[in-house]
Amino acid sequence: GENVEQHPSTLSVQEGDSAVIKCTYSDSASNYFPWYKQELGKRPQLIIDIRSNVGEKKDQRIAVTLNKTAKHFSLHITETQPEDSAVYFCAAPSNIQGAQKLVFGQGTRLTINP
Amino acid sequence: SQTIHQWPATLVQPVGSPLSLECTVEGTSNPNLYWYRQAAGRGLQLLFYSVGIGQISSEVPQNLSASRPQDRQFILSSKKLLLSDSGFYLCAWSVQGWRNQPQHFGDGTRLSIL
């Protein structure tokens, strides 16, 4: 089955700087990679996703890059703001019996310092 | 648009008591449904998933069970709670029959066992 590793587990950056979180996956057949943001005490919310037919996707200050050869994908947040502080989870699919499971990374706690 | 409801939002239960958490989805038919548990400061552990009424798959052996009595209703139960059942329980749904689709989470139930 799929295995997802996420690094770093914690990340602290100055407001206005960029933050990068990286995930590696094991199943070369995986072709969909979502990123979730979870604020303290709240539900995980999808912030961006990428499918394997593209190498990069951007949405304002957030971008995701995918390297299928190396089997890794990364979340990039530019011009960080205090409201970006949260735990971020990456995921990759594991398809079984008609249901698509998502295998999640361990999470990265991002802290934006004012 | 689709919405997912979970209740209750918080629950405090004594050890050995029963449990019933409910999740319903609106605005879609025949969704895939999922139950996750999240320990404090930890990642997302998939407990159960369902591709249809009465069809439940368990991911890990545990003190919990799940049922899907109606198409858009997913229930998490226990006959006797353990201290280790404490955590943040999240229900999620995804589109049935389509690959590479995100999961959408409910607001969760925070369960404390005394």
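In what follows, every chain begins at residue 1, and chains take the letters A, B, ... in the order their sequences are listed. Excluded from the calculations below are hydrogen atoms, water molecules and symmetry mates; all remaining heavy atoms, backbone and side chain alike, are included.
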>> Please determine whether side-chain contact (heavy atoms from CB on, under 4.5 Å) holds for the pair E22(B) and H5(B), giving the CA-CA distance in whole Å, both sets of side-chain angles, and the decisive distance to 0.1 Å.
In response: CA-CA 8 Å; E22(B) 190 163 341; H5(B) 302 280; over 6 Å; no

> Can L47(B) and Y34(B) be said to form a side-chain contact (heavy atoms from CB on, under 4.5 Å), step by step?
Replying inline: CA-CA 8 Å; L47(B) 302 175; Y34(B) 310 84; over 6 Å; no

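Heavy atoms only, all atoms of each residue included: S17(B) and P14(B) are closest at OG-O, 2.6 Å. Counting all heavy atoms, side chain and backbone alike, R43(A) lies closest to G106(B) at CB-O, 3.0 Å. The minimum heavy-atom distance between E79(A) and R61(A), with the atom names listed, is O-NH1, 3.2 Å. Among all heavy-atom pairs drawn from C91(B) and I4(B), the shortest one is O-CD1, 3.6 Å. Q13(B) and P18(B) get closest at one heavy-atom pair: NE2-O, 2.9 Å.
Remark: side-chain polar atoms of T24(A) are not paired, donor with acceptor, to backbone N or O of H72(A) under 3.5 angstrom.
Side-chain contacts under 4.5 Å among hydrophobic residues (ILVMFWY), followed directly or transitively, place L114(B) together with V12(B).
Of all residues in residues 2-12 of chain A, none places a non-hydrogen atom less than 4.5 angstrom from a non-hydrogen atom of chain B. Listed by sequence position, Y36(B), Q38(B), G41(B), R42(B), G43(B) are the residues of residues 35-43 of chain B in contact with chain A, using a 4.5 angstrom heavy-atom cutoff. Residues of residues 69-90 of chain B having a heavy atom under 4.5 Å from any heavy atom of chain A, listed by number: F88(B), L90(B).
Within the 4.5 angstrom heavy-atom criterion, no atom of P34(A) approaches chain B. Both the backbone and the side chain of L102(A) come within contact range of chain B, with heavy atoms under 4.5 Å apart. Only the side chain of Y36(A) comes within contact range of chain B, with at least one heavy atom under 4.5 Å from a heavy atom of that chain.
Other residues, nucleotides and ligands place more than 12 heavy atoms under 6.0 Å from the NZ atom of K68(A).
Below 30°, between 30° and 60°, or above 60°: for F104(A) and F89(A) the angle between ring planes is above 60°, a perpendicular geometry.
With 3.5 Å as the limit, one finds no donor-acceptor pair spanning the side chains of D107(B) and Q6(B). With 3.5 Å as the limit, one finds no donor-acceptor pair spanning the side chains of S18(A) and H76(A). Counted by atom type alone, R110(B) and T10(B) present zero donor-acceptor pairs between their side chains at under 3.5 Å.
A salt bridge links D49(A) to K57(A): one of the charged nitrogens lies within less than 4.0 Å of a carboxylate oxygen.
Residue with the most contacts toward chain B among P44(A), G105(A), S52(A), G107(A): P44(A) (heavy-atom pairs, distance under 4.5 Å).
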